[in-house]
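Residues take their numbers from the sequence shown, with the count starting at 1.
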Amino acid sequence: MSDEIDKQAFDTLAVRAGIQRTAECEHAEAIFVTSSFVSESAADAAARFSGEKPGNLYSRFTNPTVRVFEERLAALEGGQRCVATSSGMAAIMATCVALLKSGDHVVCSRSVFGNTVLLLNNYLAKFGVETTYVPLTDYDAWSRAIRPNTKLLFLETPSNPLMEIADVRRLADLAHAHKALLVVDNAFCTPALMQPLKLGADIVVHSATKYIDGQGRCIGGAIVGDTERVGKDVYGFLRTGGPSMSPFNAWVFLKGLETLKWRMQAHSVNALEIARWLEKQPRIERVYYPGLTSHPQHDMAKRQQSGFGGVLSFDVKGGKDVAWKLIDSMRLISITANLGDTKSTVTHPATTTHSRLSVEQRTAAGIGDGLVRISVGLEDVEDLKRDIARGL
Ligand SMILES: *Cc1c(COP(=O)(O)O)cnc(C)c1O
């Protein structure tokens with residue numbers, strides 16, 4: 001990172017970082033839709049292939065539009081390097097494949113994205129990587145789970161769908177005391193609300209599909225960290241393994257970064273208003289939102305984050321039938337498992353995102369049949385309340 005970027009504030013970096021104007025003098029960032037790049041001569045091609053001379057060769061390796069997105073996100077997260085991927089899952093896969101080998105052990109929060117669990121259990125396990133799952137906020141359990149061959153601690157905070165908050169600094173210290181790395185999936189907060197690298201995490205992974213796009217259009221992901229592990233190891237796997245980001249998607253995401261902070265603030269304002277309102281509804285048993293003083297890690301969230309985010313969940317009295325009825329009576333809020341959109345979305349975790357878990361696993365994780373999750377969008381908050389109230 002250049003000295004100049006080091007000095008610039010988040011708002012400036014969000015709008016300007018990474019821009020490389022071409023000879024056409026365009027003001028907005030261009031989309032380079034090209035699979036390969038030409039060399040001036042055979043000698044030039046040889047020098048670029050050998051790495052002796054910098055320059056683009058092929059868009060699986062580097063692409064100018066993707067590079068703007070990577071430099072901008074790296075700047076916002078405070079990392080040395082970012083590499084973009086075709087999806088959030090590709091970012092998690094690339095991190096694991098690049099940094100782990102047969103015989104290594106991972107300690108993972110049990111409250112992570114379902115496909116992350118499947119990736120670890122069904123695929124990395126095939127190559128001899130073992131995973132132990134622990135409750136996100138049980139620090140003794142994290143500590144007990146660590147073995148001499150533990151290489152990675154992995155978590156999401158806030159967790160989905162119960163919005164539990166982990167102490168990132170504490171888990172980073174624990175990881176480092178055992179020469180392991182802490183990887184944080186920052187899809188829910190984004191760097192606008194939390195910068196895990198500044199709290200001691202080694203690597204941040206993203207599903208850009210969520211708030212970085214913010215308007216439900218593209219699938220993409222990213223890994224942010226240092227020049228060695230991310231810049232060499234993870235990037236090395238990606239350019240060979242193949243799940244690179246398309247230039248068009250990179251352009252959508254880099255434009256998303258320009259408004260990210262303001263959108264995250266607006267999502268947080270709307271979500272807090274709805275969470276407080278839900279707490280007062282007699283048909284609702286409990287609301288899970290870190291911005292509420294009733295949330296068990298409210299203070300932790302206040303210390304660690306600059307906003308509480310756009311996702312909340314709540315238990316309705318009466319279980320699944322009542323939860324489904326509530327969802328089915330919504331006319332504005334969309335029934336879809338995606339989140340981080342300007343449009344509010346609603347899900348019933350027990351029968352969708354978390355339906356693969358057994359009843360015991362779901363109960364242990366606190367995901368009841370009456371639980372409803374809402375990703376609060378940017379519609380008018382009174383319209384949203386009216387939509388929820390119809391089914392209550
Ligand atoms: C959606 C999501 C992912 C996976 O990202 P994709 O872009 O769908 O591959 C990973 N982690 C979290 C927290 C997510 O919400």
Side-chain angles (χ1 to χ4, degrees), residues 1 10 70 73-85 88 91-96 98-100 104-113 116 120 131-139 141-143 145-146 150-160 163-208 210-212 221-235 260 264 290 297 300-307 309:
M1 228 188 291
F10 191 97
E70 291 173 335
L73 183 57
L76 296 183
E77 286 284 7
Q80 293 171 332
R81 257 308 286 279
C82 167
V83 286
T85 56
I92 298 170
M93 172 189 69
T95 304
C96 291
L99 302 178
L100 298 169
D104 285 348
H105 176 245
V106 175
V107 185
C108 184
S109 158
R110 72 174 179 202
S111 311
V112 291
F113 194 62
T116 303
L120 291 164
T131 305
T132 305
Y133 295 92
V134 294
L136 179 65
T137 56
D138 184 344
Y139 302 102
W142 282 94
S143 208
I146 292 179
T150 302
K151 292 288 155 61
L152 222 89
L153 273 56
F154 188 99
L155 64 90
E156 288 168 22
T157 177
S159 69
N160 180 15
M163 304 300 285
E164 295 165 295
I165 308 290
D167 185 338
V168 174
R169 191 171 293 285
R170 185 166 174 178
L171 288 169
D173 289 345
L174 179 70
H176 300 154
H178 293 87
K179 295 196 163 44
L181 301 175
L182 179 66
V183 181
V184 176
D185 181 333
N186 200 23
F188 270 52
C189 275
T190 80
L193 301 186
M194 176 177 70
Q195 291 152 314
L197 299 177
K198 294 188 179 161
L199 299 167
D202 301 283
I203 291 174
V204 165
V205 293
H206 270 289
S207 169
K210 311 294 163 52
Y211 288 105
I212 290 180
I223 305 120
V224 192
D226 64 359
T227 46
E228 201 55 35
R229 290 187 200 98
V230 173
K232 287 213 176 88
D233 299 342
V234 177
Y235 171 64
L260 180 66
M264 291 313 289
Q297 294 104 31
M300 184 73 238
K302 251 177 31 191
R303 273 202 302 281
Q304 189 168 270
Q305 301 173 201
S306 59

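Without hydrogens or angle criteria, Gln80 side chain to Thr227 main chain gives a donor-acceptor distance under 3.5 Å. No donor-acceptor pair under 3.5 Å is formed between the side chain of Asn186 and the backbone N or O of His206. With hydrogens and angles ignored, the 3.5 Å screen pairs no side-chain donor or acceptor of Ser207 with any backbone N or O of Ala187. Side chain of Arg169 to backbone of Lys198: a donor-acceptor contact under 3.5 angstrom is found. Judged by distance alone, the side chain of Tyr139 and the main-chain N or O of Asp167 form a donor-acceptor pair under 3.5 Å.
Atoms CG and CD1, from Asp185 and Ile203 in turn, are 12.5 Å apart once rounded to the nearest 0.5 Å. Once rounded to the nearest 0.5 Å, the distance linking OG1 of Thr131 with CG of Leu152 reads 9.0 Å. Note: Arg110 CZ to Leu136 CG = 9.0 Å, rounded to the nearest 0.5 Å. To the nearest 0.5 Å, atom CH2 of residue Trp142 and atom SG of residue Cys108 are 6.5 Å apart. Rounded to the nearest 0.5 angstrom, Gln195 CD and Phe10 CZ are separated by 6.0 Å. With rounding to the nearest 0.5 Å, the separation of CD1 in Ile165 from CZ in Arg303 is 11.5 Å.
The two residues Asp202 and Leu182 come nearest to each other via the heavy atoms OD2-N, 2.8 Å. Closest non-hydrogen pair, Cys189 versus Met264, comes out as O-CE, 3.6 Å. Summarising the geometry of Glu156 relative to Phe113, their closest heavy-atom pair is OE2-N, 2.6 Å, with the distance given to 0.1 Å. Here the closest non-hydrogen pair linking Gly79 and Leu197 is CA-CD1, 3.5 Å.
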Is there a side chain to side chain contact (heavy atoms under 4.5 Å, CB included) between Leu120 and Tyr133 once you walk through the steps? CA-CA 11 Å; Leu120 291 164; Tyr133 295 92; 3.5 Å; yes
Can you check side chain to side chain contact (heavy atoms under 4.5 Å, CB included) on His178 and Thr150, steps first, answer last? CA-CA 8 Å; His178 293 87; Thr150 302; over 6 Å; no
Should Phe154 and Ile92 be marked as a side chain to side chain contact (heavy atoms under 4.5 Å, CB included) after you check the CA-CA gap, both sets of side-chain angles, and the distance that decides it? CA-CA 10 Å; Phe154 188 99; Ile92 298 170; 4.0 Å; yes
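Arg229 has its side chain within reach of Leu181: a pair of non-hydrogen atoms, C-beta onward, lies under 4.5 Å apart. Phe188 places none of its side-chain heavy atoms less than 4.5 Å from the side chain of Met194. Side-chain contact between Val205 and Thr85: absent, with no pair of heavy atoms (C-beta onward) separated by less than 4.5 Å. Side-chain contact between Glu77 and Cys82: absent, with no pair of heavy atoms (C-beta onward) separated by less than 4.5 Å. Between Thr132 and His105, the closest side-chain pair of non-hydrogen atoms falls below 4.5 Å. Residues Leu73 and Ile212 have side chains in contact (heavy-atom distance under 4.5 Å, counting atoms from C-beta outward). Side-chain contact between Gln305 and Pro158 is present, with heavy atoms from C-beta onward closer than 4.5 Å.
Residue Ser109 forms a side-chain contact (heavy atoms from CB on, under 4.5 Å) with just one option from Thr157, Leu155, Thr116, and that option is Leu155.
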